[in-house]
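Quick notes on the structure that follows.
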Amino acid sequence: MSLVYAGVLSHAPGITGRAHLVENTAKRDEFYAALDKQRREIQDSGAEALIVIAAEHFANFFMNNMPAYCIGIGSQYEGPIEDPDWLKISRTKVPGAADLATRLTREVMKTVDVAYAEEWKFDHGIMVPLHFLTPEYDLPIIPVNINCQGPPLTPLHRAWAFGKALRRACDSVPEKIAVVGTGGISHWPATPDSGKINEKWDREFLDRLMRNDKDALLSYDDIQTYRDAGQGGFEIRTFIAIAAASGGDGELQFYTAELPIFAVGCTVARFSLDRTA
Amino acid sequence: MSLVYAGVLSHAPGITGRAHLVENTAKRDEFYAALDKQRREIQDSGAEALIVIAAEHFANFFMNNMPAYCIGIGSQYEGPIEDPDWLKISRTKVPGAADLATRLTREVMKTVDVAYAEEWKFDHGIMVPLHFLTPEYDLPIIPVNINCQGPPLTPLHRAWAFGKALRRACDSVPEKIAVVGTGGISHWPATPDSGKINEKWDREFLDRLMRNDKDALLSYDDIQTYRDAGQGGFEIRTFIAIAAASGGDGELQFYTAELPIFAVGCTVARFSLDRTA
Amino acid sequence: MSLYHLQKFLYELNRDETAQQKYRNDLETLLDDFDLSDEESNALREGDIGLLYVLGVNGQILMHYAAFLEIEWFAYLELMREGIAKHGPVRAGVYAMTGGGESFTVEGKKR
Amino acid sequence: MSLYHLQKFLYELNRDETAQQKYRNDLETLLDDFDLSDEESNALREGDIGLLYVLGVNGQILMHYAAFLEIEWFAYLELMREGIAKHGPVRAGVYAMTGGGESFTVEGKKR
Ligand SMILES: [Fe+3]
Ligand SMILES: [Fe+3]
């Protein structure tokens, strides 16, 4: 078994970009500590590469060619694409894992039809997680995108199928691999409703996620999700893919709705890895 | 049943672009007559839209975001992207079918993970077929691409799955739809070997295709195909998708290896439509 | 499908430094490359965040344009609210069903 | 992965009229936008079809560059053959395993 770590975390740009505006600094620092713990867990897993399943935001993928998923097979990436002063993350190069990513892509393609990309400008959806999980940018990254932005969106059951295919692919290679899914739960990012959080909806989703209850996770409907959880709620696809890849129970390590300035319910969790996934 | 026509045809740019160089004009005109017959068959089918499953050639899709398949959901397209004097096809606008294409895409996405695109610059892979099949450009077109160019390529069995999904989607809408697959069989396009044709390999492939023998069609291996049929041989994916979509036997209406100036074995065929596909 | 071209303009601007230079130095030429209505072109000439939001531009695209125009975060949110007050509800795109919005942060309410 | 950037240059050139104008009027600035080796940049400066083919550029990309340079079809095929004769077999890309090629058409053999 070569998947050695699976987890999820939030990626909203405010987490770094508006850190200085936060009033509840104690809660903010508690969140940052949970992210740092996640960093150490990934390090301790011995992972040689980190797959980041993200929901990017029209940085690389637009409606002129919007794939259901894309895997990065480049040898190097750059980010953030956003103004570094706005995101409060310096522009940097990030190492890729071209050969490994290509092998994984070929295996995934047997059951799930992914696009691939040899270049990628990381937006906050990947850079915010990397800022906390590999702050020296010394761990090879394999970026993955699931279309959570431009309808027709990737159906939830296909995001699950993708997670299963990715797990099968990881288990077919000798390298030790960590994977994180990064999205939001309920949120209304970059709209006048920015900061709104439906904590009840979030906790119900997280309960289903931690139980890894496939049927309950796949029973969400996009129209209801939009109504109750905003456009940001479409990003549950990344968390669902991780549940599928892990095949095990989740452990919710951190959640708060008390940092609305970050425009999302801030989440950190890890999953046990079921060998029979 | 709303799929009303399924067929295949060749698309090599020489078919129009080098027409004036041909010595064997009798054979060329016989080919053109077969294409004109295909035009009439599509017209007689009552089709309200034409899906063109093509293998485009780095005109819209590059290794910065190469989807396994893409469906065009735009309301208008333009083409050819190539120099009109080179292709001998004037630059024109082509009507799309935005609403229908979006409905088909949503249905296909239930089982096959397609990218979608709201704009598309048609290259010869679509323009050469349209030049013969809808010379007035008055039939709404839904372009589809299968990645036959940049490895990792779409696996053959997934091209088959795509054809099945597309058939299911067509049968779920009220509109009458025609579909053509356009590729090459053995050929070495745009290389020093341009004009080479492996007629034996072609005839064996066409025999499998006309019998709609799924196992035989999916038993090709890319390394052998490259060796025996050139890079152009990778384009059999478009013909295989049509066999899957039709579910019926094929009728080979025209084939010749005697026009190597067109750099492909020129092919025209239609398929019966199995209602239980 | 004009919203497509309007968003494409901002998508390109957000990711391409050459387009950013052109926006600053030769905006009219840049606008000519896109199939835009007069209302859309004017909104881009004036950096009218409120109107662009009402026209349906996705916030994930719009917030980076606002950052590019050096509009502060809470001012960005307020401009969208003003746009709705002035022009009515969002007309197209993913947000077509949304309403006015309010400030959900203690930090924003103080401004 | 330099072949990626070399092919990207030609991909952009093939599909973008602005890039085509820039190629004609301001080639050096256009070249600066891409991460190319000296050998690659020079091949593009000189329109060296043979070398580009040997470097691994896909024919589906290369033939349109040749058309853009107004190189006639049979001359294009011959330039690739000369490239292989001069520089050796194709070094990368899909064609890395191909050999020299020959003329397969009666029309081409007469030239
Ligand atoms: Fe997000
Ligand atoms: Fe082709």
Side-chain angles (χ1 to χ4, degrees), chain A residues 12-14 17-18 20-24 55-64 78-87 91 120-121 123-125 148-151 153 187-198 222-223 226-227 230-232 234-235 257-264, chain C residues 1 3-17 20 49-50 53-54 57-74 76-85 89-90 93-111:
Chain A
R18 295 191 291 278
H20 60 294
L21 298 175
V22 174
E23 299 224 336
N24 192 343
E56 73 120 55
H57 315 82
F58 305 113
N60 300 273
F61 305 107
F62 191 68
M63 283 69 79
N64 61 350
E78 57 182 63
I81 194 171
E82 294 95 344
D83 182 346
D85 293 332
W86 179 85
L87 191 59
R91 207 156 272 168
W120 197 307
K121 293 181 178 181
D123 78 354
H124 67 267
C148 306
Q149 302 295 346
L153 304 178
H187 63 309
W188 284 255
T191 75
D193 291 326
S194 175
K196 184 172 167 183
I197 292 167
N198 185 343
D222 279 344
I223 292 174
Y226 184 84
R227 184 192 63 205
Q231 191 204 353
F234 294 154
E235 293 186 346
E258 292 170 44
L259 292 166
I261 182 73
F262 289 169
V264 71
Chain C
M1 309 277 281
L3 175 59
Y4 174 83
H5 297 284
L6 178 60
Q7 294 198 105
K8 183 102 186 283
F9 179 99
L10 292 168
Y11 165 75
E12 298 285 355
L13 185 69
N14 287 343
R15 58 181 275 111
D16 183 1
E17 284 179 21
Q20 289 163 16
I49 298 294
Y53 181 69
V54 168
V57 174
N58 192 293
Q60 301 285 2
I61 292 172
L62 194 58
M63 71 172 170
H64 299 303
Y65 179 56
F68 171 72
L69 297 177
E70 298 183 3
I71 295 169
E72 184 273 340
W73 178 251
F74 294 107
Y76 161 67
L77 300 181
E78 201 50 40
L79 285 169
M80 287 187 287
R81 293 180 194 120
E82 289 170 14
I84 289 171
V90 175
V94 176
Y95 305 140
M97 61 178 100
T98 64
E102 58 180 271
S103 183
F104 285 90
T105 59
V106 288
E107 294 86 349
K109 280 174 183 144
K110 289 189 176 170
R111 309 265 154 164

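Lettering of chains follows the sequences in order, A, B, ..., and the numbering in each one begins at 1. Treat the numbers as computed from the prediction; the structure is a model and nothing was measured.
- Of the two parts of E17(C), only the side chain, counted from C-beta on, holds a non-hydrogen atom closer than 4.5 Å to a non-hydrogen atom of chain A.
- Looking at N60(A), the atoms closer than 4.5 Å to chain C (heavy atoms on both sides) sit in the backbone and in the side chain alike.
- The two residues A67(C) and D83(A) have their closest heavy-atom pair at O-OD2, 4.5 Å.
- For chain C, the nearby parts of P189(A) are the backbone and the side chain; heavy atoms of each come within less than 4.5 Å.
- Rounded to the nearest 0.5 Å, atoms OG1 (T105(C)) and CZ (R18(A)) are 8.5 Å apart.
- Listed by chain and residue number, nothing satisfies the side chain to side chain donor-acceptor pair (under 3.5 Å) test with N14(C) (two or more places apart in sequence, or in another chain).
- With a 4.5 angstrom heavy-atom cutoff, K121(A) touches chain C only via side-chain atoms.
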Inset, instruction - Starting from the C-alpha separation in whole Å, work towards a yes-or-no answer on side-chain contact (heavy atoms from CB on, under 4.5 Å) for E12(C) and F62(A). - result: CA-CA 10 Å; E12(C) 298 285 355; F62(A) 191 68; over 6 Å; no
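- Looking at Y76(C), its side chain never comes within 3.5 Å of a backbone N or O of T191(A) through a donor-acceptor pair.
- In this structure, G59(C) and A190(A) approach most closely via the heavy-atom pair O-CB, 3.2 Å.
- For the atom pair CZ of F74(C) and CG of L21(A), the computed distance is 5.5 Å after rounding to the nearest 0.5 Å.
- For the set N24(A), L87(A), I81(A), the entry with the most heavy-atom pairs within less than 4.5 Å of chain C is I81(A).
- Y226(A) places a side-chain N or O within 3.5 Å of a backbone atom of V94(C) that can act as its donor or acceptor partner.
- In this structure, chain A has no heavy atom under 4.5 Å from any part of F68(C).
- Across all their heavy atoms, N64(A) and Y4(C) have their closest contact at CB-OH, 3.0 Å.
- Using a 4.5 Å cut-off on side-chain heavy atoms (C-beta onward), M63(C) and S194(A) make no contact.
- Heavy-atom distances place no part of D85(A) under 4.5 Å from chain C, backbone and side chain included.
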Inset, instruction - Take W188(A) and Y95(C), measure what side-chain contact (heavy atoms from CB on, under 4.5 Å) needs, and give me the verdict at the end. - result: CA-CA 10 Å; W188(A) 284 255; Y95(C) 305 140; over 6 Å; no
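- With a threshold of 4.5 angstrom between heavy atoms, E78(C) does not approach chain A through any atom at all.
- Q60(C) contributes atom CD, which lies 5.0 Å from atom CD of Q149(A) (distance to the nearest 0.5 angstrom).
- Neither the backbone nor the side chain of F262(A) has a heavy atom closer than 4.5 Å to any heavy atom of chain C.
- Distance alone, capped at 3.5 Å, is enough to place a donor-acceptor pair between the E107(C) side chain and the E23(A) backbone.
- Between W86(A) and H64(C), the two ring planes are perpendicular [angle over 60°; tilted spans 30° to 60°].
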